[in-house]
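Each remark here refers to the structure printed beneath this line.
Keep in mind the model is a prediction, meaning the values are calculated, not measured. Order of listing sets the numbers, starting from 1, for every ligand and every atom in it. All heavy atoms count here, side chains included; hydrogens, waters and symmetry mates do not.
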Amino acid sequence: MESNDQHSDASSDKRKKMSCGLYFDAPKNLKEAIEMSINFGYHFLVTQLTHPSLVEDFDGPDAAHVIGRTDRILKAVEWNRLILGELSTSTDVDSEDIEIQKSSRATLEQELGFASHLGLPAILIYLTKPKNIQLARIINERLVLGLQLAVWVQIPIVHVSRENPMGESEHDTWDWWNDFRTYCDYDKRLRLVLEMPSIKNCPTSEELDRWIGEPVKALFLRTSQFLKNQFGKPVLPKSYQNIIQRFMALDVQYIIYSDTEDSDLGSYSKYINFLGKKLYFCNNMADFIEGCEDYLQNPLQPLTEHLESTVYEVFERDATKYINYENAVLRLLKHWKEPREPVIMVVGAGRGPLVQAVLDVSKTLDLKCKVYAIEKNPYAMNTLVHRNKYEWDSQVTLVKTDMRSWEAPELADVLVSELLGSFGDNELSPECLDGAQKFLNPKTGVSIPSQYTSFIAPIQSTKIFNEIRDNRMPDKTLKQSYETPYVVHLNNFYQLAPPEALFVFDHPNFTDCPDNKRYKSIRFPPISKAAVLTGFAGFFETVLLDEGSEEGSKVMLSTNPETHTPDMVSWFPIVFSLAVPVQLKAGDVVRVSFWREENFEKVWYEWCLESPCRTPIMNVNGRSYSLKKK
Ligand SMILES: C[S@@+](CC[C@H](N)C(=O)[O-])C[C@H]1O[C@@H](n2cnc3c(N)ncnc32)[C@H](O)[C@@H]1O
């Protein structure tokens with residue numbers, strides 16, 4: 001059983017990760033129960049720590065000291081790896097009855113102590129009603145005092161009243177969970193176990209989206225929820241498969257609870273494994289991005305740091321990106337009518353993929369071009385020199401310089417660049433291209449790209465919030481960590497509204513003094529479900545070439561989820577966090593202000609929430625994060 005956050009298991013293979021646990025009701029012989037479960041293909045066992053049947057053999061004065069079964073029945077490593085300890089379901093620390101409250105608290109505290117004594121990786125508790133504040137206080141106290149194990153919180157995935165129409169009132173079980181984890185300060189040791197609903201009450205796609213933004217650790221399935229195929233083997237109905245497919249991205253585990261007569265429990269774990277492989281292979285992007293999920297990366301500082309070989313290699317694996325660039329250059333040069341060779345300058349050439357794209361177009365059109373490659377990174381320049389000699393027949397003029405200070409020998413007809421970060425302008429493409437445009441023909445010169453726009457969307461991701469809180473860099477305070485944007489392949493998150501356009505940059509920008517400062521206040525549509533706002537995800541769209549207003553006249557790249565370029569993997573979103581999560585009710589309006597600021601040495605963003613509450617402005621004067629211009 002994996003109890004802790006494991007974002008760092010970057011090389012793990014999801015195909016092997018359909019980890020299944022078997023729920024075993026108070027087995028008399030725990031050792032045998034484990035052996036049987038393992039033989040059936042399960043990885044862990046869920047069972048009670050204490051149970052009346054486990055202590056009934058004792059009487060006399062010693063009986064008062066019996067808590068549960070003896071720890072010597074298993075080795076420490078077995079307790080630690082194989083047992084998820086279910087706490088008593090008969091306790092109710094939130095009871096109205098003071099006596100029940102008191103005795104429940106005593107039992108709960110004893111069980112928590114016993115679970116720690118046994119060295120279990122995790123315990124399982126249930127939320128069965130809306131009010132769990134006493135339970136939250138006790139668990140939170142343990143967490144704050146340094147509880148070593150994870151707390152799995154089991155809850156029905158859909159409203160109780162939908163499962164039981166005779167229920168007294170409408171409850172959203174997400175609210176129970178949200179209250180509970182909020183009282184526990186979003187502690188990352190709290191993980192969710194979601195009970196699969198009855199088939200007629202499957203959650204809506206939007207309800208699922210919100211659960212996907214939660215730290216879901218396991219799905220709880222009853223054997224009665226399986227159908228039998230023509231060979232008598234268990235299979236899940238399509239609607240359950242669809243739910244499982246959504247949660248596979250979170251690497252969830254599965255707990256099987258036997259509520260039927262079927263003794264072949266091995267066929268259930270086998271089926272779940274089969275399903276894992278089947279659903280995994282439906283996701284053709286999985287291999288490319290696996291291991292990066294929800295992992296915080298610092299955005300690149302392209303002007304002050306030289307990119308490394310591995311980074312260039314990752315860019316170059318993204319065929320889609322270069323096919324689109326090649327297409328843009330091809331569509332532009334197709335119309336070349338001048339009686340001279342077009343001058344094409346690739347600025348920020350890296351190891352040369354865009355130079356290659358230009359040379360390929362030249363060959364396709366049988367149009368000789370004069371090609372320059374401008375690059376400031378001496379190590380990338382070394383690669384360009386080799387490629388020019390051995391692959392490009394020395395046709396390319398290489399210039400090792402900062403494009404902003406280059407005195408070009410002639411004007412370019414086309415400037416080709418890819419200086420875009422996850423937020424479009426956040427790797428200083430505007431500043432670099434404004435500096436380079438002095439060697440672009442002012443009348444007819446074209447920049448590829450000609451425009452880019454950043455987009456933002458409000459998100460809920462307590463996972464990212466906790467990653468920032470718990471893994472901050474030693475040289476940063478907590479405040480600085482929240483004020484730093486991170487590049488993240490978002491996985492465990494819920495987007496609360498569609499992305500809205502933020503800052504637009506056009507190239508070339510032949511004004512006297514290009515101004516790349518920006519300010520915009522964005523009001524998102526009212527949110528449809530209660531949620532927790534933890535920050536904003538940033539994306540971009542870029543127009544590589546714009547040939548007019550007709551449909552299909554633009555060559556685009558996009559990371560905006562609404563218009564994402566299919567199969568393009570070069571950019572993950574950027575995340576701007578808030579310093580504290582903000583609770584939102586259905587219908588609340590999120591309004592945010594964003595600034596792009598600059599001075600002579602750096603560029604930075606500031607942001608703050610205006611609605612439904614106001615927050616202090618983050619990253620004032622780029623105090624925690626900025627992009628250096630030199
Ligand atoms: C995002 S990489 C793209 C590289 C390459 N075009 C590709 O697609 O693989 C940007 C490149 O631009 C270079 N660069 C950034 N700013 C520059 C500047 N002001 N002058 C010259 N090169 C620059 C960086 O060193 C880096 O190699």
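Taking NZ from Lys363 and CG from Leu359, the interatomic distance works out to 10.0 Å, rounded to the nearest 0.5 Å. Atoms CZ and CD, from Arg518 and Glu598 in turn, are 9.5 Å apart once rounded to the nearest 0.5 Å.
A salt bridge does not link Glu483 with Lys479: every distance from a Lys NZ or Arg NE/NH1/NH2 to an Asp or Glu carboxylate oxygen is 4.0 Å or more.
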Do any nitrogen or oxygen atoms of ligand 1 lie under 3.5 Å from a protein nitrogen or oxygen, and which ones?
residue, atom, partner, partner atom, Å
ligand 1, 6 (N), Gly348, O, 3.1
ligand 1, 8 (O), Tyr322, OH, 2.8
ligand 1, 9 (O), Tyr322, OH, 3.0
ligand 1, 19 (N), Asp402, OD1, 3.0
ligand 1, 20 (N), Met403, N, 2.9
ligand 1, 22 (N), Lys376, N, 3.4
ligand 1, 25 (O), Glu375, OE2, 2.6
ligand 1, 27 (O), Tyr312, OH, 2.6
ligand 1, 27 (O), Glu375, OE1, 2.8
ligand 1, 27 (O), Glu375, OE2, 3.3

Donor-acceptor pairs are to be reported for all side-chain atoms of residues 296-307 against protein atoms at under 3.5 Å, with residues two or more places apart or in another chain.
residue, atom, partner, partner atom, Å
Gln301, OE1, Lys628, N, 3.2
Gln301, NE2, Ser626, O, 2.8
His306, ND1, Lys376, NZ, 3.3

Please list every donor-acceptor pair under 3.5 Å in which a side-chain atom of residues 342-352 meets a protein atom from a residue at least two apart or in another chain.
residue, atom, partner, partner atom, Å
Arg351, NE, Glu316, OE2, 3.0
Arg351, NH1, Ser309, OG, 3.2
Arg351, NH2, Glu316, OE1, 2.8

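Sorted by first then second residue, the salt bridge (charged side-chain N to carboxylate O under 4.0 Å, His left out) pairs that include residues 433-461, not counting sequence neighbours, number zero.
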